[in-house]
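Reviewing the structure listed below.
One-based numbering, in listed order, for ligands and for the atoms of each. Just so you know, these numbers come straight off a predicted model, no measurement behind them.
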Amino acid sequence: MAARREKNPSAERKGKNTQNGTQTSQVQWGRAWEVDWFSLASILFLLMFAPLIVYYFIMSCDQYQCSLIDPLFDLLTGNKHLSDIWNKTPTLTYRAAGIYTLWVTFQVCLYVFIPDFCHKFLPGYVGGVQEGAVTPAGAVNKYEINGLQAWIITHVLWFANAYYFHWFSPTIIFDNWIPLLWCANILGYAVSTFAMIKGYFFPTNAKDCKFTGNFFYDYMMGIEFNPRIGKWFDFKLFFNGRPGIVAWTLINLSYAAKQQELYGQVTNSMILVNVLQGIYVLDFFWNEAWYLKTIDICHDHFGWYLGWGDCVWLPYLYTLQGLYLVYHPVQLCTANAVGILMLGLIGYYIFRMTNHQKDLFRRTNGNCKIWGKKTEYIECSYMSVDGTKYYSKLLTSGFWGWARHFNYTGDLMGSLAYCLACGFQHLLPYFYIVYMTILLTHRCIRDEHRCFSKYGKDWKCYTAAVPYRLVPGVF
Ligand code: NDP
């Protein structure tokens, strides 16, 4: 990161300081220290209902052909009781537990024991040991970036199995989907609980821990900023990327294999979903070093939100389109397929280019060109807990001059394309675009709250220069 630093002798470690003309606590720009009632209510809602939402979606495919309304109708009219639905739900099996344990252990081994070799032969790929951003306590962590190689090894083994060795069926994930859900939940809860205990008793960096005094908030949003075991096993990097995101493409492949098994063909909509989401996943691993500078790593503490979310929410709900297409194989006409492909690719291009422009700008400290012109930016400064003053810049050229979060806009266009590939027969595949719109709009707001706390009046100058968040002229 291109932040310059200087010691501010007048800054105190604790208490209020005037920063950038705004009265802020020095430690305010990280996660919140205090919980307002709305945050608490949202957190309690999510803790209670998020696991049920996941179950409801997966169960409705298993028992109701992906209809979200029929189970409710059955329950409300008394056609069925909760116990009828529950009794028909597959339980945890030894087979699923074995598969899941092997899967997570394999990913841990790839993460911990195989240093990156991809950066040695792939031009332009940044892997190996990389630095993260400055934490609120002023620490800079090192990370072993080897996600791309983990993804490649895993997928080579998958294809070797599916087409050559036949150790297990390529439909194995689909065939064990609900038993695997229980395993994912066990890991999600176990890791979040462990992270909470670790935060209290043996944190990796005590200065970067935050306690609100509210058990539920701390459990959900995490106490430790960057919990680690040993020097390299970083919880956030591991759980964010693997096992969930490596699994994403395998889950989709398993759905495609199931379509082939059931109907003797793979539909063009299934291919579109596999290709578009495959590009998104590969992009994530190709840019894993850049990912160290995103909000998940730079801002969020590691709690249930990330721990359970990465183990359960992401693999189960981000792959709903493929699951739906197993039950409803949609064959799109060529014009629709091409239109959806274009929407997905243009969305991806905007998403990638916007992220790339910021990354290039920050890496070169503004000494670069965007769209052939010298970059324009706003100078800004902020302080870490120990009173060190840092200088940074906010880009106002390229897509960053159009809107403050145009990367999210591209992401939303891509997300809509996945959903449209499923046609209009059911609501379930559209969950993803609804969820992403809420997630990314909420992200805009919380990121801007954080940036205002961090940069003060400099952030105000930036929002005056770039007034819109997602869509120029609209929002
Ligand atoms: P950003 O990559 O936009 O990062 C926001 C941070 O960038 C800010 O906190 C600030 O950090 C810095 N920043 C903001 N404006 C500027 C500017 N004008 N110039 C330079 N730096 C600036 O957001 P995210 O980390 O949320 O997202 C990264 C990508 O991941 C996005 O494309 C998003 O769509 C995607 N994403 C996908 C999700 C999914 O579930 N599929 C979930 C979340 C994100 P600083 O403190 O360094 O100034």
Side-chain angles (χ1 to χ4, degrees), residues 1-3 29-31 132-136 236 240-241 244-245 248 276-277 279-281 283-284 287-288 290-300 305-306 309-310 313-315 317-319 347-366 368 370 375-384 390-415 418 432-433 435-456 458-459 461-463 465-466 468-470:
M1 173 137 145
W29 59 272
R31 200 207 73 188
V134 184
T135 71
K236 260 202 280 191
N240 266 326
I245 300 189
W248 189 344
L276 290 175
Q277 295 190 346
I279 293 172
Y280 194 76
V281 167
D283 175 275
F284 174 88
N287 296 293
E288 200 181 12
W290 152 83
Y291 184 70
L292 298 177
K293 308 286 162 64
T294 64
I295 295 175
D296 285 346
I297 301 281
C298 294
H299 177 49
D300 291 337
Y305 172 75
L306 287 181
D310 293 332
W313 187 269
L314 188 153
L317 294 190
Y318 284 27
T319 58
Y348 170 72
Y349 173 80
I350 292 174
F351 160 85
R352 173 54 24 230
M353 284 315 293
T354 313
N355 286 325
H356 169 72
Q357 287 174 354
K358 187 184 83 173
D359 186 45
L360 176 73
F361 170 75
R362 281 281 169 95
R363 265 191 292 117
T364 58
N365 196 22
C368 60
I370 289 178
T375 52
E376 289 169 16
Y377 52 82
I378 286 169
E379 298 269 6
C380 52
S381 64
Y382 63 95
M383 284 182 200
S384 61
Y390 293 85
Y391 293 92
S392 193
K393 296 181 171 76
L394 293 166
L395 178 62
T396 53
S397 299
F399 284 129
W400 293 88
W402 289 17
R404 302 199 291 273
H405 302 275
F406 214 59
N407 47 351
Y408 293 177
T409 311
D411 208 345
L412 289 173
M413 288 167 70
S415 306
Y418 314 154
Y432 190 67
I433 183 65
Y435 164 72
M436 285 296 282
T437 306
I438 296 170
L439 175 87
L440 294 179
T441 310
H442 178 249
R443 230 170 215 253
C444 287
I445 293 163
R446 80 184 168 109
D447 183 48
E448 299 208 349
H449 175 74
R450 167 186 172 271
C451 286
F452 176 62
S453 305
K454 182 174 176 181
Y455 297 122
D458 297 335
W459 184 256
C461 294
Y462 171 60
T463 55
V466 186
Y468 292 101
R469 287 181 170 124
L470 286 176

Backbone N/O of Tyr382 and side chain of Lys454: donor-acceptor pair under 3.5 Å: no
Subset of ligand 1 atoms that lie under 4.0 Å from at least one heavy atom of Trp400: 3 (O), 15 (N), 16 (C), 17 (C), 18 (N)
Side-chain heavy atoms of Ile245 within contact of Asn240, under 4.5 Å: no
Sub-4.0 Å atoms of ligand 1 with respect to non-hydrogen atoms of Thr294: 25 (O), 28 (C)
Per-atom contacts of ligand 1 with Arg443, taking only distances under 4.0 Å to non-hydrogen atoms: 24 (P), 25 (O), 26 (O), 43 (C), 44 (C)
For Cys451, atoms of ligand 1 separated by under 4.0 Å from a heavy atom: 8 (C), 9 (O), 10 (C)
Ligand 1 N/O within reach of Leu395 N/O, cut-off under 3.5 Å: yes
Side chain Arg352, main chain Tyr280, donor-acceptor under 3.5 Å: no
Where Gly241 and Phe284 come nearest, the two heavy atoms and their spacing: CA-CE2, 3.8 Å
Tyr382 near ligand 1 by a heavy-atom separation under 4.0 Å: no
Asp447 side chain to Arg443 backbone, donor-acceptor under 3.5 Å: no
Polar atom proximity, Asn407 to ligand 1 (N or O, under 3.5 Å): yes
The one among Lys358, Lys293, Gln357, His405 that brings a heavy atom closest to atom 6 (C) of ligand 1: Lys358
Flag, side chain of Ser415 to backbone of Ile433, donor-acceptor distance under 3.5 Å: no
Heteroatom proximity flag, Arg404 to ligand 1, N/O under 3.5 Å: no
Ring pair (Phe, Tyr, Trp, His ring centres under 6.0 Å) against Tyr432, all qualifying residues, sequence neighbours excluded: Tyr318, Tyr418
Arg450 touching ligand 1 at heavy-atom level, < 4.0 angstrom: yes
N or O contact, Tyr408 vs ligand 1, cut-off under 3.5 Å: yes
Ligand 1 atoms in contact with Leu439 (distance to a heavy atom under 4.0 Å): 40 (O), 42 (C)
Any side-chain heavy-atom pair of Asn407 and Trp400 under 4.5 Å: yes
Heavy-atom nearest option to atom 32 (O) of ligand 1, drawn from Asn355, Asp300, Asp411: Asn355
From Tyr462, Tyr318, Phe351, Tyr377 - option closest to atom 18 (N) of ligand 1 by heavy atom: Tyr462
Flag, side chain of Gln357 to backbone of Ile370, donor-acceptor distance under 3.5 Å: no
Atom indices of ligand 1, in the order listed, that fall short of 4.0 Å to a heavy atom of Arg362: 20 (C), 21 (N), 22 (C), 45 (P), 47 (O), 48 (O)
Residues forming a salt bridge (charged side-chain N to carboxylate O under 4.0 Å, His left out) with Glu376, sequence neighbours excluded: none
Ligand 1 atoms in contact with Lys454 (distance to a heavy atom under 4.0 Å): 45 (P), 46 (O)
Tyr435 heavy atom under 4.0 Å from ligand 1: no
Shortest non-hydrogen contact from Asp310 toward Pro315: O-CD, 3.3 Å
Contact check: Tyr455 vs ligand 1, nitrogen or oxygen atoms, below 3.5 angstrom: yes
Per-residue contact class, His299 against ligand 1 - non-hydrogen pairs under 4.0 Å: neither
Polar contact flag, side-chain donor to acceptor under 3.5 angstrom, Asp283-Tyr348: yes
Atom indices of ligand 1, in the order listed, that fall short of 4.0 Å to a heavy atom of Asp447: 5 (C), 8 (C), 9 (O)
